[in-house]
Number of protein chains: 2
Amino acid sequence: MRSLAARLGVSAMTVSRALNDRPGVAEATRRRVLGAAAALGYRPDRRASRLRAGAPAGLVGLVVTSLADPVMSALTAGVERACAENAARVIVASSNSDPAAESGLVADLRARGVDGVVVVPAGADHAHLRAGQRGGGPLVLATSPPAGLAADCVLVDEVSGAHRACRQLFRQGHRRIGFLASTRSWAGSERLRGHILAHDEAGVPVDERLVRQPREDAHSARSAARELLSTGDDAPSALLAADFPSLVAVLRTVGARPGSRPPAIVGFGPARTDLAPFPLTMVSPDSVALGRAAAQLVFEPRAPGSTAPRQIMMASSLVGPSTRLAHAVAPPRIG
Amino acid sequence: MRSLAARLGVSAMTVSRALNDRPGVAEATRRRVLGAAAALGYRPDRRASRLRAGAPAGLVGLVVTSLADPVMSALTAGVERACAENAARVIVASSNSDPAAESGLVADLRARGVDGVVVVPAGADHAHLRAGQRGGGPLVLATSPPAGLAADCVLVDEVSGAHRACRQLFRQGHRRIGFLASTRSWAGSERLRGHILAHDEAGVPVDERLVRQPREDAHSARSAARELLSTGDDAPSALLAADFPSLVAVLRTVGARPGSRPPAIVGFGPARTDLAPFPLTMVSPDSVALGRAAAQLVFEPRAPGSTAPRQIMMASSLVGPSTRLAHAVAPPRIG
DNA sequence: CTGTTAGCGCGTTCAC
DNA sequence: GTGAACGCGCTAACAG
C-alpha cells in the first residue's frame, strides 16, 4: 500500500480512504487510486485493518464431529449461508468425535480471532469446553443441550418428532408400536419420551417388551432388532427405529424375511426414503435451518451473564412414502 | 500481553519468549509467566504474530459449488484432514455454481491471507479465476481441468473409470451396451471416451443408437432414457448412466416396468448401491483422497513459472452389488 | 480535501 | 538473561 501511495505521490491515508469509499477524497484522486490499484493488482490486507480497528474478524468457527456425515454437511451449509449474509466466512474443523481434539480446536479457532464458535459436541458432557467460552465471542452448541457449562444451543425437537410420528401410527390403526434405539444419547432418550407421550395421549399402555434400548453400535442394534421383530403374534405392527444403527438393523432384519408382511417403519435422520424397498417414514430435521439458527446466535450474542442461556428448538418434519420431497437439499452430483 | 507483562513486572518480550519456548529465559521466569498466563486465561493472538512475521497464515480457502452435495462434503473432509496434518485450518465457502460469486470468494479469501485456495469450478471456463492467481499462494482446481488459465489440478480419471466399467460388462457377456449422459461437461465427455475405448478394445463397434447425450437436467434425461430403453429387441442389455440425472432417469424408467428383466446399470458417483431395488454398479471416485491431494498441491507449490501446471489423476473404483463396501465414509448419523 | 502521528498485538534485532 | 526500539499493513484521531 505504501509503495502504491508513493508511486502516486500521495499518502497511504489517501489510498486507504479511496479504497474504502470514505468521504474526504477528491473524485479525481479516487479514480487515480482505484485505477492504479487495479493495474497493480493490489488487494488490501483485511487482517491488518481488522487488527487496527479492533473490528470483528468476520470469521466464525465450526467444529463438527465428522464432515462426511450428511447431517453435518447440511449443518455446515446452513452456517455458511448465514455467515455469507453477514459478510463472514466459516472455518470448519472436524473433531472426529474426540472431546480433547474438540476443545483444542476451539482454542485454536479462538486464537485465530474468530468472532464466535459453533460446536457439535462429541460427548454428553461439555465441561471441557468451558475454557473456550472465555475471551472470545459466543460459543453455541448445536444438536446437543449444554451439560457442564452454560451456553446457547440449537436443538432438534426430538420429543415432538417422535410424538408426531407415533401419533400418526396410532391414527393408521397401529396398536403395538415398537421402539428401538440407544437412550444413552440425548436424542435417543428424547425420542423415547415422545414415544411414551404419544402412548399416554392415545390411552395405550406402553408394552415394555416392545421397547428395546441397545447400545449405539451395529451389533447390539442387530440382535435387539431380531428379538423385537421375532416376538411372534406379539410382534409390533409398527416401530420407531430411533437411531441410525437401529434403522439399518431393522431394514436388514426385515429385508432378510421376504414374504412376511413388513412392519411400518419410522426412521430418524436425513430424509432418504429410497433407502428401503418397502414404505419407510423418516422424521427429518432441517439441519440447514439448524445451522443457520446457530450462526444467528453467534451474530446476535446475548449480553454476557445478563440472562439465562438461550435454547432454540427446531421442528423436524415427517417425510413419508406419500410425502413429496421438496428439493431443499441438492441432489448428489457426479463429479 | 502487555498487561500480563506489567502484572509480572517483566517486559512483553520476556512473555513472548516464554510462551513460545524460546531460549533466553530463566526457567523460574518461564514458569511464572506460564502460570500467570494460564490463570488469566491469556491466549496469544496468532493473527498478530503472523502479520509481524509475514509467515503463512495456516489457512487454506476452499470454494465449492454446493456444500450439501455429498461429493463436495467428502472433498471438504479430505482437504480438512490434509490441512489439520499441516497445522492449518480450512475456510469453506459455497459459490452456488455462480462463476461471479466464485471469483469474488477467491478474492475475499486472498484478502484474508489464506496460503492457497482450492476451487471446484462452477463452469467449464475458468478465465475469471486468473485474478485470483496473482499475489497469494497457489490456486488449485479440483474435479475440473483448467480452461483459460494455467493452474494445478486434481481430477478423477473418468476415462479409465468408464473404460473399466464397460470392460467388465463385456466380460459378463454383454454386447449391446448403452451410454446415457450429457457430454457437455468434462466428466461426461471423458466417460464417453472410456465407453468408446472399451468398445474398441473388445472389437465391438459402437452402435450410435445406443449413445444418447441429453442435456444435464432431469427432463431431457428422462425422455432420453425412455427412448434408449424402449428400442425393443435392439434394447441394450446393459448401460452406463454417466451422470446423476441420467441415473435417476434410468432407475425410474426401469422401476416403472416391473416384470421385464432390467438391464445391468452402471452409475457414476458416490457409492450408494442401495439406491435401487435391483443390482447396480457404481463407478465411485474417492473424493476424500481427491480433497487431500488438492490440499497437498497447496502445501507443496511448484516454483512459479518453473514448470507446466501439474495434473493429478485419481482412480475411481467399481462398487458393485458383490463388492463389500469399506466404511471409508462415515454412515449417516442421526442427530 | 490531504498529510501526520500514533498504535492494534506481536516478533525480530539489536543493545544492555 | 532481559529489555528497548522498530516495523508488519492498516486506519482513528487530529492537524494543516
Side-chain angles (χ1 to χ4, degrees), chain A residues 1-34 36-37 40-59 87 107-115 134-137, chain B residues 1-34 36-37 40-59 87 107-115 134-137:
Chain A
M1 174 156 122
R2 292 222 220 288
S3 64
L4 198 157
R7 195 182 302 256
L8 274 83
V10 294
S11 84
M13 205 50 241
T14 307
V15 176
S16 169
R17 283 196 267 253
L19 258 42
N20 295 11
D21 273 338
R22 297 306 208 59
V25 184
E27 190 51 35
T29 318
R30 161 166 301 150
R31 306 185 82 87
R32 273 207 314 151
V33 172
L34 292 175
L40 273 75
Y42 167 79
R43 305 228 122 242
D45 184 337
R46 295 250 232 105
R47 292 180 298 174
S49 9
R50 313 267 202 192
L51 175 58
R52 174 64 184 110
L59 224 40
D108 180 76
L109 292 172
R110 282 266 126 96
R112 287 172 184 275
V114 297
D115 306 332
R134 286 191 308 245
Chain B
M1 175 158 121
R2 290 222 220 288
S3 64
L4 199 157
R7 195 181 303 256
L8 275 88
V10 295
S11 84
M13 207 46 248
T14 308
V15 177
S16 170
R17 283 197 266 252
L19 258 42
N20 295 7
D21 273 336
R22 296 306 210 62
V25 184
E27 190 52 35
T29 318
R30 162 167 300 150
R31 305 185 81 88
R32 275 207 311 151
V33 171
L34 292 176
L40 274 74
Y42 169 79
R43 306 225 121 247
D45 184 338
R46 296 240 236 132
R47 293 182 295 174
S49 6
R50 314 268 202 194
L51 173 58
R52 175 65 184 102
L59 224 39
D108 179 77
L109 292 172
R110 282 264 126 97
R112 288 172 183 276
V114 296
D115 306 330
R134 286 191 308 246

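Every chain is numbered from 1, with letters handed out A, B, ... down the list of sequences.
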N or O in side chain of [X] less than 4.0 angstrom from [N] OP1/OP2:
X: A:T29; N: C:dT2; answer: yes
X: A:S49; N: D:dG9; answer: no
X: B:Y42; N: C:dG9; answer: no
X: B:S16; N: C:dG11; answer: yes
X: A:S11; N: C:dT4; answer: no

Between atom [atom1] in [X] and atom [atom2] in [N], what is the gap in whole Å?
X: A:R50; N: D:dC8; atom1: CZ; atom2: C1'; answer: 18 Å
X: B:L8; N: D:dT2; atom1: CG; atom2: P; answer: 12 Å
X: A:R112; N: C:dG9; atom1: CZ; atom2: P; answer: 19 Å
X: B:R32; N: D:dT2; atom1: CZ; atom2: C1'; answer: 12 Å
X: A:R52; N: C:dA6; atom1: CZ; atom2: C1'; answer: 7 Å
X: B:R110; N: D:dG9; atom1: CZ; atom2: C1'; answer: 18 Å
X: B:L19; N: C:dG9; atom1: CG; atom2: P; answer: 15 Å
X: A:D45; N: C:dC8; atom1: CG; atom2: C1'; answer: 13 Å

inquiry  = Looking at the base of D:dG1, is there any donor atom on it, or on the side chain of B:R22, that sits under 3.5 Å from an acceptor on the other one?
reply    =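 Checked by distance alone, the answer is no.
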
query = Starting at the 5' end of DNA chain D, which residue's closest nucleotide do you reach first, B:M13 or B:A48?
reply =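 Residue closer to the 5' terminus by nearest nucleotide: B:M13.
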
Heavy atoms only, 4.0 Å cut-off, all strands: where does [X] land among base, sugar-phosphate and nothing?
X: B:P23; value: nothing
X: A:R17; value: base
X: B:R46; value: nothing
X: A:G9; value: sugar-phosphate

Heavy-atom side-chain proximity of A:L8 to A:R32 below 4.5 angstrom =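 Side-chain contact under 4.5 Å: yes.
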
Polar side-chain atom of [X] near backbone of [Y] as donor-acceptor pair, under 3.5 Å:
X: A:R50; Y: A:A55; result: no
X: A:R134; Y: B:L40; result: no
X: B:R110; Y: B:G137; result: yes
X: B:N20; Y: B:R22; result: no

request  = Measure the angle between the two terminal helix axes of the helix from C:dC1-D:dG16 to C:dC16-D:dG1, five base pairs each, and quote it to 10°.
outcome  =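 Helix axis angle between the two ends: 40°.
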
key: Enclosure of B:R43 CZ (heavy-atom neighbours >12, cutoff 6.0 Å)   =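 For B:R43, atom CZ is not crowded (no more than 12 foreign heavy atoms under 6.0 Å).
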
Atom CZ of B:R30 with >12 non-hydrogen neighbours under 6.0 angstrom =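 Enclosed.
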
request  = Name the residue closer to the 5' end of DNA chain C, choosing between A:A12 and A:R2 according to the nucleotide with the nearest heavy atom.
outcome  =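 First, find each residue's nearest nucleotide; the 5'-ward one identifies A:A12.
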
query = Where do B:R46 and A:D108 land on the side-chain contact (heavy atoms from CB on, under 4.5 Å) test, with the steps shown first?
reply = CA-CA 9 Å; B:R46 296 240 236 132; A:D108 180 76; 2.5 Å; yes

